[in-house]
Amino acid sequence: MLLSPTDREAFVGAVTNVCEQSFYAFAEPACDEVIERAAALASWYEVVVDFTGPFDGALYVAMPTALARELFSAFLGLEADAPADAAAVDDLVGEFGNMACGAWLTTLHEPECFALQHPAVCTTTEPALIGATIMAVNDQPVAIGIRLPKRTI
Amino acid sequence: MGHELRILIVDDSVMMRAMIKRAIELTGADVSFHEAGNGRDALDVLEHAAIDVVFTDINMPVMTGTELLREMAARGWRHIQRVVVSTDGSDARRDEVRHLDVSLYINKPFPPEAVRDVLNQISDAPVADRS
């Protein structure tokens with residue numbers, strides 16, 4: 001389903017805020033070249049964060065493996081080429097999704113609390129790019145989306 | 001700060017615990033750390049170790065941060081300062097934990113300075129910024 005322009009703007013703003021504040025990364029709308037590059041990349045991390053509360057849904061993020069490792073180093077203040085344990089990168093990608101989801105839900109100002117489930121992280125060669133919003137984070141494609149099965153906002 | 005601050009960091013993300021720990025270390029404060037991945041493990045630590053401050057996430061498996069705070073209140077552990085570190089910065093969540101003896105709240109994502117400011121409020125003297 002599609003978010004309204006206002007909700008989409010808030011969602012992209014929340015993801016941008018997470019990129020900048022926790023990962024010292026530059027996020028912007030993706031240009032055509034970045035979107036085309038996304039279709040050609042074969043190694044991705046995916047994270048899904050289910051949430052329940054005033055309404056139920058899930059946040060989806062897909063990012064290239066190389067970007068995940070880059071964000072890992074930035075998050076911990078390490079050198080860009082520092083070795084990264086796979087489990088630690090998984091955890092970090094999950095936390096990225098967790099922060100993006102929580103930050104977006106906070107912007108909705110609902111009168112009741114949401115509960116976020118533990119992030120589900122996996123690697124894939126075929127991320128769900130169709131229907132997702134493509135952003136450029138440090139000039140690399142990141143696909144983001146919100147799945148709201150029972151409600152349109 | 002007059003004495004070592006004994007801090008328990010509760011978060012299901014190992015990376016987030018490391019990030020909070022690093023932000024605290026950057027302040028130069030005299031601290032020691034314990035860690036837990038959920039509220040249940042945190043209670044185990046609190047039963048066996050002397051802790052001055054708990055930094056806790058809210059959404060965690062096994063036992064949430066809210067459940068941990070309720071249990072701490074039920075056990076009368078009012079001498080332990082509670083700091084919530086959560087992605088959920090909504091008024092609804094803040095109101096909920098305010099009734100559980102939580103006076104300080106850090107919203108994720110946060111810059112390291114947010115942790116320094118919280119430590120300044122907890123400690124008697126300002127914490128130096130070595131970041």
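Excluded from the calculations below are hydrogen atoms, water molecules and symmetry mates; all remaining heavy atoms, backbone and side chain alike, are included. Below, read A as the first sequence line, B as the second, and so on, with proteins coming before strands; counting in each chain starts at 1. Not measured: the values here are computed from a predicted model.
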Applying salt bridge (charged side-chain N to carboxylate O under 4.0 Å, His left out), which residue pairs with at least one partner in residues 91-109 of chain A are found, sequence neighbours left out?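 Only A/E95-B/K108 qualify under salt bridge (charged side-chain N to carboxylate O under 4.0 Å, His left out).
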
What are the residues of residues 54-77 of chain B, in order of number, with any heavy atom under 4.5 angstrom from a heavy atom of chain A? B/N59, B/P61

Calculate, to the nearest 0.5 Å, the distance between atoms [atom1] and [atom2] belonging to [X] and [Y] respectively.
X	Y	atom1	atom2	value
B/I106	B/T87	CD1	OG1	13.5 Å
B/I7	B/H34	CD1	NE2	11.5 Å
B/R94	B/S90	CZ	OG	8.5 Å

Tell me whether [X] at atom [atom1] has more than 12 heavy atoms from other residues, nucleotides or ligands lying less than 6.0 Å away.
X	atom1	result
B/E47	CD	yes
B/H79	NE2	yes
A/E9	CD	no

Write out, in numerical order, the residues from residues 59-72 of chain A with a heavy atom short of 4.5 Å from a heavy atom in chain B. A/F72

Those residues of residues 23-50 of chain A, ordered by number, that approach chain B below 4.5 Å (heavy atom to heavy atom):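 The residues closer than 4.5 Å to chain B, in numerical order, are A/Y24.
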
Heavy-atom pairs under 4.5 Å with chain B: which of A/E20, A/H109, A/E112, A/Q21 has the most? A/Q21

If you apply the rule side chain to side chain contact (heavy atoms under 4.5 Å, CB included), what do you find for A/F51 with A/L148, and how did you get there? CA-CA 10 Å; A/F51 58 85; A/L148 301 175; 3.8 Å; yes

Would you say the side-chain atoms of B/D101 pair up with the backbone N or O of B/R98, donor to acceptor, closer than 3.5 Å?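 Not at all, since once roles are kept as given, no pair shorter than 3.5 Å links the two residues.
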
Checking B/R82 side chain against B/S103 main chain: does a donor-acceptor pair fall under 3.5 Å?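 No; zero donor-acceptor contacts below 3.5 Å.
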
For A/L105, which atoms come within 4.5 Å of any heavy atom of chain B: side chain, backbone, both, or neither?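 Nothing of A/L105, per the 4.5 Å heavy-atom cut-off to chain B.
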
Between B/D91 and chain A, which part of the residue has a heavy atom less than 4.5 Å away: side chain, backbone, both or neither?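 Contact with chain A: none, neither part.
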
With a 4.5 angstrom heavy-atom cut-off, which part of B/R93 approaches chain A: side chain, backbone, both or neither? both

How far apart are the C-alpha atoms of B/D52 and B/H3, what are their side-chain angles, what is the distance that settles it, and do they pass the side chain to side chain contact (heavy atoms under 4.5 Å, CB included) test? CA-CA 11 Å; B/D52 300 306; B/H3 64 89; 3.9 Å; yes

B/D88-B/S86 side chain donor-acceptor pair, cut-off 3.5 Å: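 Result is no, nothing qualifies.
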
Tell me whether B/I9 shares a hydrophobic cluster with B/I80, the cluster being built from Ile, Leu, Val, Met, Phe, Trp, Tyr side chains joined at under 4.5 Å. no

In this structure, would B/V102 and B/V53 fall into the same cluster of hydrophobic residues linked by side-chain contacts under 4.5 Å?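 Hydrophobic grouping puts B/V102 apart from B/V53.
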
Side chains of B/M19 and B/V115, heavy atoms from C-beta outward: is any pair under 4.5 Å?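 The answer is no; the side chains never approach within 4.5 Å.
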
